[in-house]
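Every heavy atom of this structure was used, including side-chain atoms; hydrogens, water molecules and symmetry mates were not. Because the structure is predicted, anything quoted here is derived from the model rather than measured. A, B, ... follow the sequence lines: proteins, then strands. Residue 1 opens every chain.
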Amino acid sequence: MKLPPHFYCRSDVLTISRELLGKLLCTRHAGHECKVLITETEAYAGIGDRASHAYGGRRTARTEVMYGEGGLAYVYLCYGIHHLFNVVTNVAGIPHAVLIRAALPYSGLATLQKRRGRDEAGPNLMPGPGTVAQALGITTVMSGVSLHGAEVWIEDAGVDVPSAQILAGPRIGVDYAGEDARLPYRYVWSSAFAEAVRPCRADTA
DNA sequence: CGAATGATATACT
DNA sequence: GTATATCATTCGA
């Protein structure tokens with residue numbers, strides 16, 4: 001079940017960020033369909049958030065996607081090497097986004113592993129935002145693509161993630177953001193609980 | 001711990 | 001237009 005448009009268009013990016021835990025991020029790329037269980041997210045709260053690319057209302061060719069309607073993919077290149085995948089939220093004109101920071105394999109394991117160049121099947125296959133995008137075949141050319149299409153989308157796995165299993169803390173790698181670097185906008189679904197939910201890892205994509 | 005690596009933003013001519 | 005500093009990171013020593 002793909003998440004409906006109104007899921008993304010709500011105004012509270014923190015709520016959306018929490019609710020994305022336990023959802024499935026899916027891609028169909030080069031003929032391979034893969035799904036991963038989202039275990040870690042970070043919220044970027046728009047023009048007032050010093051950690052956001054849209055801080056101060058900055059509008060550039062890169063960040064323009066964030067000003068679009070909720071439900072778009074925002075992908076950009078970080079450190080010249082890594083493609084980072086974000087979900088645009090809120091209504092058009094308000095540049096909120098949620099960074100997907102980590103995930104567990106759910107289906108298409110063989111393809112995920114091949115793209116990563118690693119044999120891991122657990123939390124070490126996609127332990128960071130760059131690795132999640134790499135495993136799913138996500139690159140900057142997907143930036144601006146709708147999550148209601150057939151290339152990249154997010155599904156409800158029918159999993160309930162109790163708030164007691166969610167840890168909140170400061171975001172990673174945003175020391176430049178001054179005071180805002182301390183905001184508890186990072187959400188982690190403890191992988192012990194996440195592991196228990198996913199299907200058998202023997203998967204022959 | 002530190003190198004890798006390139007688009008992007010910003011500040012210049 | 002051209003220059004340069006800066007990254008929402010990863011991997012292997």
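- Environment of OH in A:Tyr8: crowded, with over 12 heavy atoms of neighbouring residues, nucleotides or ligands closer than 6.0 Å.
- Against DNA chain B, the stretch residues 12-20 of chain A makes no heavy-atom approach under 4.0 Å.
- Between A:Tyr79 and B:dG6 there is no side-chain polar atom (N or O) within less than 4.0 angstrom of OP1 or OP2.
- Remark: DNA chain C takes part in the stems B:1-4 with C:9-12, B:6-12 with C:1-7, each of 3 or more antiparallel Watson-Crick or G-U pairs, criterion distances under 3.5 Å.
- Taking a 6.0 Å sphere around NZ of A:Lys2, one finds it holds more than 12 heavy atoms contributed by other residues, nucleotides or ligands.
- Whole-Å rounding puts the A:Tyr76 OH to C:dT6 C1' distance at 12 Å.
- Using a 4.0 Å heavy-atom distance criterion, A:Arg118 is classed as a sugar-phosphate-only contact.
- Atom CD1 of A:Ile172 is separated from atom P of C:dT10 by 10 Å (rounded to the nearest Å).
- Residue A:Leu84 is classed as a sugar-phosphate contact, given heavy-atom separations below 4.0 Å to backbone atoms only.
- Less than 4.0 Å separates DNA chain C from at least one heavy atom of each of the following residues of residues 125-137 of chain A: A:Gly128, A:Pro129, A:Gly130, A:Thr131.
- Residue-environment remark: CD (A:Glu69) stays at or below the threshold of 12 foreign heavy atoms within 6.0 Å.
- A:Ile81 has its CD1 atom 14 Å from the C1' atom of C:dT6, to the nearest Å.
- Atom CD in A:Glu64 sits roughly 14 Å away from atom P in B:dT8 (whole-Å rounding).
- The CG-C1' distance, from A:Asp119 to C:dC11, rounds to 16 Å in whole Å.
- Rounded to whole Å, the distance from NE2 on A:His83 to P on C:dT10 is 12 Å.
- A salt bridge links A:Asp49 with A:Arg171: the distance from a Lys NZ or Arg NE/NH1/NH2 to an Asp or Glu carboxylate oxygen falls below 4.0 Å.
- Taking only side-chain nitrogens and oxygens, A:Arg58 comes nearer than 4.0 Å to OP1 or OP2 of B:dT10.
- Residues A:Arg50 and A:Glu179 are not paired through a salt bridge, judged by the lack of any N-O separation under 4.0 Å between the basic side chain and the carboxylate.
- The closest side-chain heavy-atom distance from A:Asn86 to A:Val88 is not below 4.5 Å.
- Here the side chain of A:Thr63 is nearest to one of B:dA9, C:dC11, C:dA8, namely B:dA9.
- If you look at A:Tyr76 and A:His53, their ring centroids are closer than 6.0 Å.
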Could you go through residues 119-137 of chain A and list every donor-acceptor pair under 3.5 Å that involves a side-chain atom there, pairing it with any protein atom two or more places apart or in another chain?
from	atom 1	to	atom 2	distance (Å)
A:Thr131	OG1	A:Gly128	N	3.0
A:Thr131	OG1	A:Gly128	O	2.6
A:Gln134	OE1	A:Arg116	NH1	2.7

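- Comparing C:dG12, B:dA7, C:dA8 by their closest approach to the side chain of A:Leu77 singles out B:dA7.
- No engagement by A:Arg50 is indicated, since no non-hydrogen atom pair under 4.0 Å with the nucleic acid exists.
- Residues A:Val197 and A:Trp189 have side chains in contact (heavy-atom distance under 4.5 Å, counting atoms from C-beta outward).
- In terms of phosphate contacts, A:His53 brings a side-chain nitrogen or oxygen within less than 4.0 Å of OP1 or OP2 of C:dA8.
- Through side-chain heavy atoms spaced under 4.5 Å, either directly or across other Ile, Leu, Val, Met, Phe, Trp or Tyr residues, A:Val91 is tied to A:Ile94.
- Both thresholds, 5.5 Å between centres and 30° between ring planes, are met by A:Tyr44 relative to the base of C:dA8, so the two rings are stacked.
- Under a 4.0 Å N-O distance rule, the pair A:Glu155/A:Lys23 does not qualify as a salt bridge.
- In this structure, A:Ile138 places its CD1 atom 15 Å from C1' of C:dA8, rounding to the nearest Å.
- A sub-4.0 Å separation between OP1 or OP2 of B:dA9 and a side-chain N or O of A:Arg62 is present.
- Between A:Arg59 and A:Glu64, at least one side-chain N (NZ, or NE/NH1/NH2) sits under 4.0 Å from a carboxylate O, which counts as a salt bridge.
- Across the protein-nucleic acid pair, A:Asp175 atom CG and C:dT9 atom P stand 10 Å apart, rounded to whole Å.
- In the hydrophobic clustering, A:Met1 connects to no other residue, as no ILVMFWY side-chain heavy atoms lie under 4.5 Å from its own.
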